[in-house]
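Each chain gets a letter, A, B and so on, in the order its sequence line appears, and its residues count up from 1. Heavy atoms only: backbone and side chains are in, while hydrogens, waters and symmetry mates are out.
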Amino acid sequence: MENPLHPFELHNFIQFSLFGLDLSINKAVVMMWIVVGLVAWLLVSAGRQRRLVPNKLQSLGELLVEFIRGIILDTMGQEGMRFFPLIATLFLFILFCNLLGLIPGTYTVTSQIVVTAVFAVTVYGLSLVMGLLLHGVKFIPGILVPPGTPWWLIPLMVPIEFVSQVARPVSLAVRLFANMTAGHTILGVLFGLAISGGLLIGWLPFAFTIAMNGLEVGIAFIQAYIFTVLTCVYLGDAFHLHGSEGHAP
Amino acid sequence: MPPSSDPFYAGLGQAVRIGTELLAALIVGGGLGWLADTYLFASSPWGMVIGLVVGAMAGVRNAYRFAQRWSTDGTK
């Protein structure tokens, strides 16, 4: 049976390095270019005509933009709209990476933890910088000591809050990476069973493959959605300190 | 879109989130403890033991905080 982790291996098409950095072109890089091109083409051509009664492409673009706007307004409120370009880019890139990766023969870029970790660290770093700019130095004790903590609990709460803060980018990165990798591994195992089972019994895992593919489409949406929502939540926490305890209006 | 409209997918998303929340805090806590053991003090294995305990606490706290937010969303 074929190794189900085989689809995750990367082989360089073009060896290329600059100033000691390995900038080789491989399947993942080409997939990222395709995704960027596709998203850009989709939104540019959807927004070009601006009809009062939208055609199919324009309604798709409006649906996506309205959806992202809804997420931002729900979690961050009106002041979060200044992050709309960042959040829309993240959502669309992750969504299209997840969806295009389901086409057999392509590569799921988000199954590489490097990609998801860079997104997560960028988002978390941005939330820290925003908090420091808005609240000054008192932002650091503000996130480490939750409001209403009795003084004798502070030595216990500070390490716990510190770990839970560091865990934010880790969980953000690991969740997306693990879901994508696990889903594609299951598909690989089932398909390997279908091939090695032959006609007699192989139809059963093959049917499961089809069902799993349907579930994976759902997972692709969910993971892009969760990543976006958490991005908004973390950035919103930087806006209103201790906003995570209550609920944003 | 599936995440917002279909309750099955919405619930799946919530469940997946809580699981990773617990796991990530545990990894970070244990990892920080291990780093302190290996590079800062020669205190193995106590840094990792304390780190794992603190990580477990932080994970439960994160999951609790998330569930709290979820319940306020649900009653809205």
- Item | Segment of A:Glu161 engaging chain B (4.5 angstrom heavy-atom cut-off) | side chain

- Proximal component of A:Leu230, with respect to chain B [non-hydrogen, under 4.5 Å]: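 Only the side chain of A:Leu230 comes within 4.5 Å of chain B.
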
- Tell me, yes or no, whether the heavy-atom count around A:Phe191 atom CZ, taken from other residues, nucleotides or ligands under 6.0 Å, exceeds 12.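 Counting neighbours around CZ of A:Phe191, 12 or fewer heavy atoms of other residues, nucleotides or ligands fall under 6.0 Å, so no.
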
- Message: Tell me whether A:Phe162 at atom CZ has more than 12 heavy atoms from other residues, nucleotides or ligands lying less than 6.0 Å away.
- Response: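 Open: at most 12 neighbouring heavy atoms sit under 6.0 Å from CZ of A:Phe162.
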
- chain A neighbours within residues 51-58 of chain B, where any heavy atom lies under 4.5 Å away: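 Those residues of residues 51-58 of chain B which have a heavy atom under 4.5 Å from chain A are B:Val54, B:Gly55, B:Met57, B:Ala58.
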
- Mind checking which of residues 23-35 of chain B sit less than 4.5 Å from chain A, heavy atom to heavy atom? B:Ala24, B:Ala25, B:Val28, B:Gly29, B:Leu32

